[in-house]
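Atoms considered below: every heavy atom in the structure, side chains included; atoms not considered: hydrogens, waters and symmetry mates.
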Amino acid sequence: MAETSTMNQRPASSLSLLEEMERNYKDLPMEAIVKQDILRQGIHFFPEAFQVKDPYKSKDYFIFSFDHIPLADLKDGADTKAPEEIKISGGHFGLLKTVISTRNNPNSPYKMKLKEGKPTLFLEETEIGTAEYPPIPSWYRHKTKSGKLPGEIAPVIEWGYLLYLTVFRNCQYFGKDEECAYCDINHNYRQQKGAGRPYTGVKDVEDILEVLSWVDAEDQIAKVYTITGGSVLTNLKKKSEVDFYLQYPEAIEKKFPKRWMGKLVAQAFEKEDCQKFKDVGIQIYHPNYEVWDKNLFEKICPGKASWIGYENWIRRVVDSAEVFGPENVIPNFVGGVELSEPWGFKTVKEAITSTKQGLDFFMSKGIVPRFTAWCPEPYTTLGQQAGPPLVYFCELLRAWKETFESYGLPTPPGYGEPGPGKAVFSVSAFMDVIGYSGRN
């Protein structure tokens, strides 16, 4: 493993870097390697890249900004016209179709241009792949009785597979002494409101049910919904955190019983509260532990460390498996944040060693963590520092895949098909590596 040190020495993306990773990581599909590199670097969309024939779904900014610069600084239409995701294929590496979340970065070496009338992604002068943009669902044409657009209330991501219901678009962990250091949920809310966009802070149950009635009638692609939002420390709308979040799946499952698989992304709750969500129909629980190392958890997630505590958080994740079943507890961690400055590890090897301990801890119990690729968003405590090197993400994918396979675990439910050319999870390549047997 490369002894890559601080991220300020991160090698820039280049064709030679990708080819080096192709040689060194034959156990990983090139689709996953390229995907992680694009996620860590973002994409620079040339204005021409928006001049495509068919309408497409632009970014709904469904929870975080996932951009490398402030919204107000995005130029040439990227602030309103960037697609939610891209699906690239072909190119220098002959990629199978690969779905990747859009992260705007005008300084990225990845450039989206037009070639023969089709959006095409380039790295330097090399064509990485022809791009597709996600179609607009038919039900996006409606407007609720309260005047809300569907993309504001129940945006769809993962190429139509997942309805993402951020029902509380702020977080009561507030300020750098409480906010998770990588998270821009509060900052993104302020950016969207500052830009004059409709951006509902607390979503009304009736608005969600109205939008879902259109999905129910017109859509066969969406298979899952996620209920999520910021943490509630005291109360919200005169409800406790559990009662606030419980009202949404309760209403959805009452009106549309088992129409979609229900997921909950929330704090680590005690078993009796987990049972309440299971009883109303939630099937998948994501009590995200964010970073495995205890010292880093306390630095990077100060509010969670203060209000709940590291040991309690991990215990609650494990205990929740008794309610949902271990295969249905899928906690997220933020891949790469353990290398962030000033608190993170200094080498890739140290970071992977730590993170692999967490993977082994959970997977040995049948719980399968997933990860999102950290995007250093500008208004967060960690700020606009350089992200991890590509070798880190290759090592992380290898560690995840090896641990997953060593325990013979089932594919995480609620993520669609696994494997290169099939995976739709767009903010990391963990689903892309499942089942890949390697290349010569």
Side-chain angles (χ1 to χ4, degrees), residues 1-14 16-41 180-182 288-301 310 314 331-364 367-376 381-383 385-407 409 427-430 432-434 436 438-439:
M1 186 191 304
E3 282 294 326
T4 308
S5 62
T6 63
M7 291 185 297
N8 288 332
Q9 298 169 356
R10 177 191 67 187
S13 294
S14 65
S16 62
L17 175 65
L18 291 178
E19 289 176 336
E20 178 188 354
M21 298 300 110
E22 182 184 34
R23 292 190 299 272
N24 293 346
Y25 295 91
K26 293 184 181 295
D27 52 329
L28 301 178
M30 275 309 293
E31 289 80 4
I33 293 172
V34 172
K35 181 172 184 169
Q36 291 294 165
D37 203 39
I38 294 169
L39 286 170
R40 79 183 183 101
Q41 295 279 261
C180 293
Y182 55 80
N288 301 338
Y289 67 92
E290 319 299 13
V291 61
W292 174 250
D293 182 82
K294 181 177 185 291
N295 292 329
L296 288 180
F297 181 88
E298 291 171 352
K299 293 287 189 183
I300 292 173
C301 305
Y310 177 83
I314 301 302
N332 189 70
F333 63 96
V334 184
V337 78
E338 71 271 41
L339 273 169
S340 61
E341 297 175 349
W343 305 299
F345 296 107
K346 300 306 180 187
T347 67
V348 167
K349 184 176 182 179
E350 291 173 296
I352 295 295
T353 297
S354 171
T355 297
K356 196 172 189 306
Q357 290 171 354
L359 293 176
D360 193 77
F361 173 84
F362 286 116
M363 290 189 186
S364 69
I367 295 168
V368 179
R370 63 178 170 98
F371 72 93
T372 53
W374 173 43
C375 181
T381 301
L382 294 178
Q385 60 183 285
L390 179 56
V391 67
Y392 161 81
F393 286 108
C394 292
E395 289 289 340
L396 178 59
L397 284 170
R398 173 178 282 174
W400 190 95
K401 185 173 186 285
E402 287 178 348
T403 310
F404 176 78
E405 291 173 350
S406 72
Y407 287 107
L409 296 169
V427 288
S428 85
F430 91 95
D432 301 70
V433 304
I434 293 176
Y436 183 69
R439 58 183 175 275

So Val291 and Tyr182, side-chain contact (heavy atoms from CB on, under 4.5 Å) or not? Walk me through it.
CA-CA 11 Å; Val291 61; Tyr182 55 80; over 6 Å; no
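- Atoms CG and CD, from Asp360 and Glu402 in turn, are 11.5 Å apart once rounded to the nearest 0.5 Å.
- In this structure, CG on Leu409 lies 9.5 Å from OG on Ser364, to the nearest 0.5 angstrom.
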Trp400 and Ile434: CA distance, side-chain angles, deciding distance, side-chain contact (heavy atoms from CB on, under 4.5 Å) verdict
CA-CA 10 Å; Trp400 190 95; Ile434 293 176; 3.8 Å; yes
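- Ion pairing between a basic and an acidic side chain is recognised when a charged N comes within 4.0 Å of a carboxylate O; Lys346 and Glu350 show no such pairing.
- For Asp432 and Lys35, the salt-bridge test passes: some basic side-chain N is under 4.0 Å from an acidic carboxylate O.
- With hydrogens and angles ignored, the 3.5 Å screen pairs a side-chain donor or acceptor of Arg40 with a backbone N or O of Pro388.
- In this pair, Trp292 and Phe362 present their aromatic rings perpendicular. The plane angle is above 60°, beyond the 30 to 60° band.
- Atoms CD and SG, on Gln41 and Cys375 in that order, are 10.5 Å from each other to the nearest 0.5 Å.
- Considering every non-hydrogen atom in both Met21 and Val391, the closest pair reads SD-CA, 4.2 Å.
- Met30 is not listed as a side-chain neighbour of Tyr25, based on a closest heavy-atom distance of 4.5 Å or more.
- Across Leu339 and Phe345, no two heavy atoms sit closer than the pair CD2-O, 3.4 Å.
- Taking the six-membered ring where the residue is Trp, Phe430 and Phe371 present tilted rings, their angle falling between 30° and 60°.
- With respect to the salt-bridge test (charged N to carboxylate O, under 4.0 angstrom), the residues Glu298 and Lys294 qualify.
- Listed for the Arg23 side chain is no donor-acceptor partner under 3.5 Å among the backbone atoms of Leu18.
- Counted by atom type alone, Tyr436 and Glu31 present zero donor-acceptor pairs between their side chains at under 3.5 Å.
- Of all non-hydrogen atoms in Ser13 and Asp37, the two that sit nearest each other are OG-OD2, 2.8 Å.
- Of the inter-residue distances, the one linking Asn295 atom CG with Tyr310 atom OH reads 9.5 Å to the nearest 0.5 angstrom.
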List, one per line, each side-chain donor-acceptor pair under 3.5 Å for residues 331-338, sequence neighbours excluded.
from   : atom 1 : to     : atom 2 : distance (Å)
Asn332 : OD1    : Arg370 : NH1    : 3.3
Asn332 : OD1    : Thr372 : N      : 3.2
Asn332 : ND2    : Thr372 : OG1    : 3.3
Glu338 : OE1    : Gly336 : N      : 3.0
Glu338 : OE1    : Tyr392 : OH     : 3.2
Glu338 : OE2    : Thr355 : OG1    : 2.5
Glu338 : OE2    : Tyr392 : OH     : 2.7

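- We find the CD-CG distance between Glu20 and Leu390 to be 9.0 Å, quoted to the nearest 0.5 Å.
- Within 6.0 Å of atom NZ in Lys401, more than 12 heavy atoms from other residues, nucleotides or ligands are found, so the atom counts as buried in its surroundings.
- For the pair Leu39 and Phe393, the minimum side-chain heavy-atom distance is 4.5 Å or more.
- Taking both residues in full, the closest heavy atoms of Ser428 and Ala373 are given as CB-N, 4.1 Å, listed atom of the first, atom of the second, then distance.
- Rounded to the nearest 0.5 angstrom, Ile367 CD1 and Tyr289 OH are separated by 10.0 Å.
- Listed here is the closest heavy atom pair of Trp374 and Ser340: CH2-CB, 3.6 Å.
- Within the 4.5 Å cutoff, the side chain of Cys394 has heavy atoms near those of the Ile33 side chain.
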What do the steps show when you test Thr353 against Lys356 for side-chain contact (heavy atoms from CB on, under 4.5 Å), and what is the final call?
CA-CA 5 Å; Thr353 297; Lys356 196 172 189 306; over 6 Å; no
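- The nearest pair of heavy atoms linking Val348 to Pro389 is CG2-CG, 3.9 Å.
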